[in-house]
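What follows is a single structure, written as structure tokens, with notes after it.
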Amino acid sequence: MAEFGYSGKILYIDLETGEHRTEEKDEKFWRIYIGGGLLATQLLLEHTPARIDAFDPNNLLIFASSVVGGHPYPSLQRFTISCKSPLTGGIAETRCEGPFAKFLKSSGYEAIVIYGAAIFPSTIVIENGDIRIERADDLWGKTTTKVEDTLTAQYGQNIGTAIIGPAGENKV
């Protein structure tokens, strides 16, 4: 699949147990659900129980790339984040642009699907094919800028981050 611009893989991470699994999809799937919002919507419809509460730990938080996402050219450093909306009860989707898109694409996964409730403040680290959940008690309550600075000091300059900050910590 890589020759067509896709890794063909989706990563699922359970924050409660710390377990993760990879799902591979065939070429037909990628031709239909090309990426971004379309891919995220399909994953939500496929894996989210009907009438689930938006704050239920089994609600999915999906980061999705696409065939052109993450390339270092104008308007291509994009990715989608999607979940069930607490405001409308429908599908919430935001399209983002920035350096994280490159790191999402280079992670080896077209989408990262996160679910479950972490027992403690956590950081998901994907590094050279290794996936781990690390304690992040020291980051809790800090602004996104301070968290970014701390993670850059810990992991180096060449990292991509998606940070919730105090607003996310308070389910805003």
Side-chain angles (χ1 to χ4, degrees), residues 7 9-24 36 39-41 43-65 69-70 79-172:
S7 67
K9 297 187 288 185
I10 300 167
L11 175 63
Y12 294 84
I13 300 172
D14 183 339
L15 290 177
E16 186 173 341
T17 66
E19 295 176 357
H20 60 85
R21 67 180 174 84
T22 300
E23 180 179 27
E24 293 194 40
L39 171 60
T41 299
L43 294 174
L44 281 169
L45 293 173
E46 185 178 342
H47 297 291
T48 304
R51 293 178 284 289
I52 190 172
D53 183 78
F55 291 112
D56 187 295
N58 290 314
N59 187 17
L60 307 179
L61 178 64
I62 300 171
F63 292 76
S65 188
F79 62 100
T80 297
I81 302 174
S82 192
C83 65
K84 180 172 182 177
S85 170
L87 181 62
T88 67
I91 295 173
E93 174 185 293
T94 185
R95 295 177 191 193
C96 310
E97 185 170 337
F100 182 76
K102 175 182 82 168
F103 292 97
L104 174 58
K105 189 71 170 180
S106 66
S107 71
Y109 302 98
E110 296 307 317
I112 299 173
V113 180
I114 302 168
Y115 60 95
I119 299 167
F120 46 80
S122 303
T123 300
I124 298 170
V125 179
I126 302 172
E127 185 176 40
N128 300 321
D130 181 40
I131 300 152
R132 60 188 185 276
I133 298 175
E134 297 181 349
R135 290 192 73 106
D137 302 280
D138 60 323
L139 302 177
W140 200 253
K142 291 185 178 179
T143 65
T144 56
T145 301
K146 289 183 181 178
V147 171
E148 176 81 25
D149 292 344
T150 302
L151 293 174
T152 299
Q154 184 174 352
Y155 294 104
Q157 292 290 324
N158 194 29
I159 63 169
T161 59
I163 303 167
I164 64 169
E169 293 167 7
N170 292 298
K171 299 180 181 177
V172 175

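The figures here come from the full heavy-atom set of this structure, side chains too, leaving out hydrogens, waters and symmetry mates. In what follows, residues are counted from 1 in the order of the sequence shown.
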### Message
Tell me if the CG atom of Leu45 is crowded by more than 12 foreign heavy atoms within 6.0 Å.
### Response
yes
### Message
Looking at every heavy atom in both Ala92 and Ser82, which two are closest together, and how far apart are they?
### Response
O-OG, 2.7 Å
### Task
Dump the intermediate steps for side chain to side chain contact (heavy atoms under 4.5 Å, CB included) on Ile163 and Thr145, then the final yes or no.
CA-CA 9 Å; Ile163 303 167; Thr145 301; over 6 Å; no
### Query
Do any N or O atoms from the side chain of Asp53 and from the backbone of Phe55 form a donor-acceptor pair under 3.5 angstrom?
yes
### Query
Taking atom CZ of Arg132 as the centre, does the number of heavy atoms from other residues, nucleotides or ligands within less than 6.0 Å exceed 12?
yes
#### Entry: Nearest non-hydrogen partners of Ala117 and Pro57, listed with the distance
N-CB, 3.7 Å
### Summary
All heavy atoms of Ile133 vs all of Gly18, minimum pair found to be CD1-CA, 3.6 Å
### Task
Could you tell me whether the side chain of Tyr115 reaches within less than 4.5 Å of the side chain of Asp14, counting heavy atoms only?
yes
### Query
Does the side chain of Ile62 reach to within under 4.5 Å of the side chain of Thr41, using non-hydrogen atoms?
no
### Summary
Minimal heavy-atom distance between Ala111 and Leu39, with the atoms involved, is CB-CD2, 4.0 Å
### Query
Taking 4.0 angstrom as the limit, do Arg95 and Glu93 come out as a salt bridge?
yes
### From Ile13 atom CD1 to Arg21 atom CZ, the distance as rounded to the nearest 0.5 Å
11.5 Å
### Atom pair CD1/CG of Ile126 and Leu11 - distance to nearest 0.5 Å
5.5 Å
### Task
Specify whether His47 and Tyr12 have parallel, tilted or perpendicular ring planes, treating 30° as the upper limit for parallel and 60° as the lower limit for perpendicular.
perpendicular
### Query
Roughly how far, to the nearest 0.5 Å, is the CG atom of Leu139 from the CD atom of Glu169?
9.0 Å
### Task
Of all the heavy-atom pairs spanning Ser7 and Gly108, show the shortest one and how long it is.
OG-O, 2.9 Å
### Query
Can you check whether Phe103 reaches Asn158 side chain to side chain, under 4.5 Å on heavy atoms?
yes
### Query
Roughly how far apart are Ile114 CD1 and Asn59 CG, rounded to 0.5 Å?
12.0 Å
### Task
Find the distance between CD (Glu110) and NZ (Lys9) and round it off to the nearest 0.5 Å.
9.5 Å
### Message
Would you say that Ile159 contacts Thr152 through its side chain, given a criterion of any heavy-atom pair below 4.5 Å between the two side chains?
### Response
yes
### Query
Which atom pair, heavy atoms only, marks the closest approach of Lys105 to Ser65?
CD-OG, 3.4 Å
### Query
Do Ile131 and Tyr109 have side chains that get closer than 4.5 Å, going by heavy atoms?
yes
### Check: Ile81 and Cys96 side chains under 4.5 Å, non-hydrogen atoms
yes
### Query
At what distance, to the nearest 0.5 angstrom, does OG1 of Thr143 lie from CG of Asp149?
8.0 Å
